[in-house]
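Take a look at the structure below.
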2 protein chains.
Amino acid sequence: MTTGPDITRIAALLGDAGRANMLQALMGGQALTAGELAREAGVTPQTASSHLAQLEAGGLIARRCQGRHSYFALAGAEVAEALEHLTALAGRVGHLRTRPGPRDPEMRRARVCYDHLAGDAGVALLDALLARGRVEDRDGSLLLTEAGQAFARDFGVVLEGAGRRPLCKACLDWSVRRSHMAGVLGAGLLSRIYDLGWARRVEKTRIVRFTAPGLHAFEQAFGPVGREGLSRSTGII
Amino acid sequence: MTTGPDITRIAALLGDAGRANMLQALMGGQALTAGELAREAGVTPQTASSHLAQLEAGGLIARRCQGRHSYFALAGAEVAEALEHLTALAGRVGHLRTRPGPRDPEMRRARVCYDHLAGDAGVALLDALLARGRVEDRDGSLLLTEAGQAFARDFGVVLEGAGRRPLCKACLDWSVRRSHMAGVLGAGLLSRIYDLGWARRVEKTRIVRFTAPGLHAFEQAFGPVGREGLSRSTGII
DNA sequence: TCGACGCTTCGATCGCGGACGAACCTTGGG
DNA sequence: CCCAAGGTTCGTCCGCGATCGAAGCGTCGA
C-alpha cells in the first residue's frame with residue numbers, strides 16, 4: 001500500500017485530449033474564454049464547459065467570470081511547471097497557442113467596456129493607479145486609497161451615491177488579457193475623459209478614439225498606452 | 001491544432017489507479033515481478049499483464065524476463081522524477097489519498113526516490129551540500145564544485161562512467177515540497193549510506209530507516225533532519 | 001516425464017465518461 | 001424592451017478500456 005498524494009485524479013484530467021489541449025493553450029499565461037478553449041480543443045461549447053468544470057474542480061485552472069464570459073487561467077505556476085515536466089517526459093516539444101482578440105487595432109487600443117475604458121489604454125490606466133498608490137491590490141480585489149480618493153476628487157470624478165456598486169473593480173481585458181479599471185471609479189474616469197475632450201466614442205462601435213492632445217494629456221496623467229504595463233508584478237491578472 | 005508532444009498518452013497511463021499503484025511501487029527502484037505488481041495494484045494477474053504491457057509500450061517501464069518471471073522496473077530516472085513532480089502537484093492542489101496510512105510519517109522523514117534519498121533527510125542532504133559549497137545553484141540547475149568532487153571522492157562515491165545522466169540534479173520532493181539531491185551524486189550518496197550501515201531499506205516499502213548511530217553520523221556529515229533547512233536563504237525551493 | 005506455477009492471450013462483459021442536441025440563463029448592446 | 005451571443009445544464013447516445021474467466025504457453029522442480 002502506497003502513501004502520499006494521489007496522482008491519478010490529476011493524471012486522468014490530463015489524459016483526455018480535449019482537456020490537454022485546453023491546458024496547453026493556457027500555458028501561454030493568458031486567460032482564455034470558454035469559447036476560445038472549446039475551439040482550441042476542437043469540441044463543442046457544451047463539452048468544453050464540462051471539461052473546464054472538471055479542471056476547475058481538480059484545482060488545475062481558475063475561473064473568473066466577467067460579464068457573459070468565463071475566463072480561465074492556469075491555477076498557478078506549479079501547474080505550468082508540472083505540465084512542462086510531463087511534456088519533457090513525453091519527449092517532444094512545442095506548444096500551440098491561440099492568439100485571440102479583436103481584429104480591429106483601434107479596438108485593441110481603446111474601447112468601451114460597458115461604461116469604462118478597456119484595451120491598452122484601460123490597462124495602462126489601472127497600471128498607473130496601482131503604481132502611484134491610488135489603488136491597492138488586496139488579495140485580488142481593488143481598494144481605493146485615501147490618496148486615490150483625493151486624486152479622484154481633483155480629477156472631477158464623483159464617487160458618492162454609488163449604491164451597492166463597488167468603487168473599484170478589476171475587469172479582465174479581453175484584448176490585453178490583463179485587468180483594467182472598472183467599477184464606479186472606472187466609469188467616472190472615462191466620463192471625465194469624455195468631458196475633458198481627450199477622447200470620444202466612435203459612432204456605432206465600441207471604439208474610443210483619442211484626440212492627439214487628448215492622448216498626450218492621458219499619457220501625462222496615467223502613463224504610456226500600448227506598452228508593457230507596470231502591473232506585471234502585481235497579482236492582478 | 002495539437003502538434004505538440006503527446007502528454008495525453010502518458011497522462012492517460014498514469015490516470016488509472018492500477019497502473020499508478022504499480023508505478024508507485026516501482027518508485028522504490030527495485031524491479032518487481034508481474035505477480036507482485038498485480039498484488040500491489042489489487043487486480044488479477046491478467047489485468048496486471050495488460051497494464052504492464054501498456055506501460056511498457058508507453059516507455060514508462062522496462063521489462064526483463066527471467067525464467068518464468070517477468071521483472072519490471074521504471075524505464076529511467078526521468079520517469080521517477082516526473083512521477084515525483086506530479087505527486088508534489090497533487091499534494092499542492094489537495095488531492096490526498098483517502099487513507100494516509102501509519103507509515104506516512106516515516107515516509108516523509110526518509111524514503112527512496114527511485115535511487116536516491118528523499119524526504120526530510122533528502123532535503124537536508126541537499127541543504128548541506130549547498131551550504132558548504134559542494135554544490136552550487138546556477139539558475140535552478142545544480143553544479144558540482146571542485147570541493148564537491150573532492151568530497152564525493154572522500155565519501156566513497158564513484159562519479160565516473162555516468163553516461164549521459166547528470167551528476168547533480170534537483171528533484172522536487174512531494175512531502176517537503178522543496179528539492180532534494182538526485183542524479184549520479186544523489187544515487188551514489190545513498191549507496192554509500194547503505195554501505196556505511198547508516199540506514200537500510202525497510203522491506204517492501206520505500207522507507208529508509210536510519211540506525212541511531214547512523215542518523216547521528218548523517219547529521220554530523222550533512223545537518224539536522226526534519227527541521228527548517230539551511231537552504232532557506234538559497235534560491236532552491 | 002509430469003504436474004505445478006507464473007505469465008500471457010483471447011473473448012466477453014460492462015460501466016464510466018466523452019460527445020453533442022436541445023433548452024435555459026445571463027449579459028451586452030441597440 | 002427586445003434580440004443576439006456566450007455559457008451552462010440536462011438528457012441521451014456510444015465507444016473505449018478496465019476487468020476477469022478460460023485457455024494457452026513456457027519454465028521449474030521432482
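In the text below, chain A, chain B and the rest are named by the order of the sequence lines, each starting its count at 1. Atom set for the values below is all heavy atoms of this structure, side chains included, hydrogens, waters and symmetry mates excluded.
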Checklist entry - When every nucleotide of nucleotides 3-16 of chain C is labelled 5' to 3' by its protein contacts under 4.0 Å (heavy atoms), B for base, S for sugar-phosphate only, - for none, what sequence of letters results? => result -BBSSBB-------
Check whether any side-chain heavy atom of [X] lies under 4.5 Å from a side-chain heavy atom of [Y], and answer yes or no.
X: Leu52(A); Y: Met22(A); result: yes
X: Leu189(A); Y: Leu117(A); result: no
X: Asp16(A); Y: Thr8(B); result: no

Give, for atom [atom1] of [X] and atom [atom2] of [Y], the distance between the pair rounded to the nearest 0.5 Å.
X: Arg206(B); Y: Gln30(B); atom1: CZ; atom2: CD; result: 11.5 Å
X: Gln24(B); Y: Leu83(B); atom1: CD; atom2: CG; result: 6.5 Å
X: Leu60(B); Y: Glu78(B); atom1: CG; atom2: CD; result: 10.0 Å

Checklist entry - Hey, does the side chain of Arg192(A) reach the backbone of Phe155(A) with a donor-acceptor pair shorter than 3.5 angstrom? => result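 Pair found, side chain donor or acceptor close to backbone of Phe155(A).
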Next on the checklist: Can a donor-acceptor pair be found, under 3.5 Å and without considering hydrogens, that links the side chain of Glu219(A) to the backbone of His216(A)?
Outcome noted: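 Not a single qualifying donor-acceptor pair exists.
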Checklist entry - Given dT19(D), is OP1 or OP2 found less than 4.0 Å from the side-chain N or O atoms of Thr47(B)? => result no
Next on the checklist: Just N and O in the side chain of His51(A): are any of them under 4.0 Å from OP1 or OP2 of dG17(C)?
Outcome noted: no
Spacing of [X] atom [atom1] relative to [N] atom [atom2], expressed in whole Å:
X: Arg9(B); N: dG17(D); atom1: CZ; atom2: C1'; result: 15 Å
X: Glu56(A); N: dT8(D); atom1: CD; atom2: C1'; result: 12 Å
X: Tyr71(A); N: dT26(C); atom1: OH; atom2: C1'; result: 16 Å
X: Asp16(A); N: dG17(D); atom1: CG; atom2: P; result: 11 Å
X: Gln54(B); N: dT19(D); atom1: CD; atom2: P; result: 10 Å
X: Leu55(A); N: dG17(C); atom1: CG; atom2: P; result: 14 Å

Anything under 3.5 Å between a protein N or O and an N or O of nucleotides 12-16 of chain D, put it in a table, one pair a line.
none

Next on the checklist: Exactly one of Leu13(B), Leu55(B), Val79(B) should register a side-chain contact (heavy atoms from CB on, under 4.5 Å) with Ile61(B). Which one does?
Outcome noted: Leu55(B)
